[in-house]
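Starting from 1, each residue takes its place in the sequence as its number.
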Amino acid sequence: MKTHKLAIIPGDGTGPEVMAEGLKVLKAAANKFGFKLDLHSYDFGGDRYLRTGEVLPASAVDEMRKFQAIYLGAIGHPGVKPGILEKGILLRMRFELDQYINLRPVKLLPNVETPLANKKPADIDYVVVRENSGGAYTGHGGITMKGTPYEVATQEMVYSRHQVERCLRYSFELARRRHSKDNPWRGLKADEKAAGKTAQVTLCGKTNVLTFVFDLWERAFYEVAKDFPEVKTDYCHVDATTMWMIKNPEWFDVIVTENMFGDIITDLGAMTQGGMGVAAGGNINPQGVSMFEPIGGSAPKYTGMGVINPIATILAGGLLLDELGEAKAAAAVEAAVTATTPKMKSQAAGRMGFSTAEIGDLVASAI
Ligand code: IPM
Ligand code: MG
């Protein structure tokens with residue numbers, strides 16, 4: 001029997017609560033689809049930092065390389081200054097493990113409330129591929145003459161052809177796969193015909209102003225596209241993208257964009273699919289160790305109350321299984337969630353009609 005060795009980082013606040021449900025569902029999927037899970041838990045997060053004074057032990061990142069994937073609850077602690085844990089854990093893992101893809105599906109599940117009027121699940125079903133290794137996140141720049149009236153700060157959007165090309169190639173492959181006949185996820189796509197969708201990649205950029213960086217992106221985009229003749233190409237400026245994500249989300253299939261644009265538009269996308277309670281993401285290194293997480297934070301004020309929605313974490317577990325090659329199990333997780341959301345009153349914390357653990361039970365039994 002195949003065994004998948006996973007690092008588990010429950011993290012801070014409500015992270016451990018949602019992680020418990022994520023693991024419940026992963027175990028149900030393992031039983032049903034005939035694989036084993038070898039789980040190793042790590043206490044990285046705010047409490048550990050306050051106790052020991054170190055964000056991550058020196059060996060931590062190297063230790064993560066032994067695993068097939070990392071499953072993360074949430075990082076963020078009210079007693080720790082913002083930025084320390086995000087930079088020291090989340091961003092460090094992304095960079096050192098070269099998780100160069102941030103995969104963020106935006107999909108409205110049945111009976112989930114969206115703030116977009118008259119939009120149904122068939123209308124909101126696309127994936128954002130956020131470049132996760134470059135741009136303004138690399139820390140190029142600095143401050144000179146600091147503390148004087150003349151001080152100058154820069155933070156540059158840096159991209160290499162290599163970074164851009166691997167991200168674009170991933171996006172086109174994803175579009176191809178989303179529409180291929182033997183993709184077990186395909187049957188779960190909201191009524192594809194109704195939405196009139198074909199495989200399509202939209203480059204989200206700012207070619208009219210960022211004329212260096214997006215010149216590189218745009219040229220690479222159309223060159224890579226030549227290898228995928230069945231995939232349609234489209235281009236949108238980032239500001240217009242936010243407009244169409246609200247007005248015509250059905251236009252999108254795969255959106256690919258640079259790091260910070262992706263950070264911003266995926267929060268918008270998450271709200272349109274029902275909020276942080278249901279939005280999942282993966283930090284992916286297709287050749288290495290990937291890390292899967294709910295997009296939302298640790299919601300410390302709800303800790304221990306059992307009111308937080310575990311659906312985002314459970315869906316992140318589905319993405320994790322898919323990356324491990326367990327596509328059928330991954331599709332089953334999404335199907336089980338799809339069977340569960342119609343039973344819930346709301347996706348908002350405290351108003352679900354069920355406790356955190358009860359939702360985990362519902363999804364696990366649906367598997
Ligand atoms: C995200 C978050 C992070 C980011 C923060 C916490 C560093 O906003 O995962 O989208 O900016 O990437
Ligand atoms: Mg963000």
Would you say Glu113 has more than 12 foreign heavy atoms packed within less than 6.0 Å of its CD? no
Under the criterion ring pair (Phe, Tyr, Trp, His ring centres under 6.0 Å), I'd like the reasoning laid out for Phe214 against Phe221: C-alpha separation, chi angles, the key distance, then a yes or no. CA-CA 10 Å; Phe214 282 102; Phe221 180 68; over 10 Å; no
State, without any angle test, whether Thr207 and Tyr235 hold a side-chain donor-acceptor pair at a distance under 3.5 Å. yes
Going by distance alone, is a donor N or O of one side chain under 3.5 Å from an acceptor N or O of the other, for Ser133 and Gln163? yes
Below 4.0 angstrom, N of the basic side chain to O of the carboxylate: do Arg169 and Glu165 qualify? yes
What I want to find out is whether Lys24 reaches Glu21 closely enough, with some N-O distance under 4.0 Å, to be called a salt bridge. yes
Polar side-chain atom of Thr341 near backbone of Pro110 as donor-acceptor pair, under 3.5 Å: yes
Less than 4.0 Å between a side-chain N and a carboxylate O, is that true for Lys232 and Asp253? no
Measure centre to centre between the rings of Tyr49 and His77, then say whether the value is under 6.0 Å. no
Taking atom CD1 of Ile9 and atom NE2 of His40, what is their separation to the nearest 0.5 Å? 13.0 Å
Can you find a pair of side-chain heavy atoms, one from Thr144 and one from Glu151, that are under 4.5 Å apart? no
With a 4.0 Å cut-off, would you call Asp125 and Lys120 a salt bridge? no
Check for a donor-acceptor pair, side chain of Lys343 on one end and backbone N or O of Ile359 on the other, with a separation under 3.5 Å. no
Are more than 12 heavy atoms, taken from residues, nucleotides or ligands other than Tyr302, located less than 6.0 Å from that residue's OH atom? no
Throw together a table of side-chain donor-acceptor distances under 3.5 angstrom for residues 263-279, partners on residues two or more places apart or in other chains.
unit_1 : atom_1 : unit_2 : atom_2 : d
Asp263 : OD2    : Tyr137 : OH     : 3.2
Thr266 : OG1    : Arg104 : NH1    : 2.9
Thr266 : OG1    : Gly262 : O      : 2.7
Thr266 : OG1    : Asp263 : O      : 3.2
Thr272 : OG1    : Gly269 : O      : 2.7
Gln273 : NE2    : Lys107 : O      : 3.3

Just by distance, do the side chain of Asp12 and the backbone of Gly46 share a donor-acceptor pair under 3.5 Å? yes
I'd like to know if the side chain of Ser298 reaches the main chain of Gly76, judged simply by a donor and an acceptor atom lying under 3.5 Å from each other, with no hydrogens or angles considered. yes
In one Ile/Leu/Val/Met/Phe/Trp/Tyr side-chain cluster, 4.5 Å: Leu319, Tyr170: yes
With a 4.5 Å cut-off on side-chain heavy-atom distances among I, L, V, M, F, W and Y, is there a chain of contacts connecting Leu90 to Ile295? no
Could you tell me whether a side-chain N or O of Thr356 sits under 3.5 Å from a main-chain N or O of Glu17, the two making a donor and an acceptor? no
Could you tell me whether a side-chain N or O of Tyr126 sits under 3.5 Å from a main-chain N or O of Trp251, the two making a donor and an acceptor? no
Among all residues two or more places apart in sequence or in another chain, which pass the ring-ring contact (aromatic ring centres under 6.0 Å, His included) test with Tyr100? none
For Arg161, I'd like to know if atom CZ has over 12 heavy atoms of other residues, nucleotides or ligands within 6.0 Å. yes
Donor-acceptor contact present, side-chain Glu63 to main-chain Ala60, <3.5 Å: no
Taking NZ, NE, NH1 and NH2 as the nitrogens, is one of them in Arg48 or Glu54 under 4.0 Å from a carboxylate oxygen of the other? yes
Any chance you could lay out the side chain to side chain donor-acceptor pair (under 3.5 Å) test for Gln347 and Asn309, step after step, and finish with the verdict? CA-CA 7 Å; Gln347 300 302 313; Asn309 193 345; 2.7 Å; yes
I'd like to check the ring-ring contact (aromatic ring centres under 6.0 Å, His included) partners of Tyr159; sequence neighbours left out, ordered by chain and number. Trp217
Counting N and O atoms only, with roles assigned by atom type, does the side chain of Ser290 sit under 3.5 Å from a partner on the main chain of Asn285, one being a donor and the other an acceptor? yes
Are Val254 and Val231 packed together at the side-chain level, in the sense that at least one heavy-atom pair is separated by less than 4.5 angstrom? no
His4 side chain reached by Leu39 side chain, heavy atoms, under 4.5 Å: no
So, are Asp47 and Arg51 salt-bridged, with charged N and O less than 4.0 Å apart? no
Please tell me whether Phe44 and Val289 are part of a single hydrophobic cluster in this structure, the criterion being side-chain heavy atoms less than 4.5 Å apart. yes
Phe228 and Leu168: same hydrophobic cluster, using ILVMFWY side-chain contacts below 4.5 Å? yes
Ignoring hydrogens and angles, tell me if any N or O in the side chain of Thr138 forms a donor-acceptor pair with the backbone of Gly134 under 3.5 Å. no
If you measure from OG1 on Thr202 to CE on Met245, what distance do you get to the nearest 0.5 Å? 11.0 Å
Is Lys5 positioned over the aromatic face of Phe67, cation under 6.0 angstrom from the ring centre and no more than 45 degrees off axis? yes
Quick one, Asp38 and Leu6 - any side-chain contact, counting heavy atoms below 4.5 Å? no
Any side-chain donor-acceptor pair under 3.5 Å between Asn102 and Glu131? no
Residue pair Leu203 / Thr233, side-chain heavy-atom distance below 4.5 Å: no
Taking salt bridge (Lys or Arg N to Asp or Glu O under 4.0 Å) as the criterion, tell me which of Lys328, Arg177, Arg178 meets it with Asp322. Arg177
Min side-chain heavy-atom separation Ile255-Gln200 under 4.5 Å: no
Does Leu324 belong to the same Ile/Leu/Val/Met/Phe/Trp/Tyr cluster as Met64, with side-chain heavy atoms less than 4.5 Å apart forming each link? no
Taking Glu326 for its side chain and Ala329 for its backbone only, find out whether a donor-acceptor pair lies under 3.5 Å. no
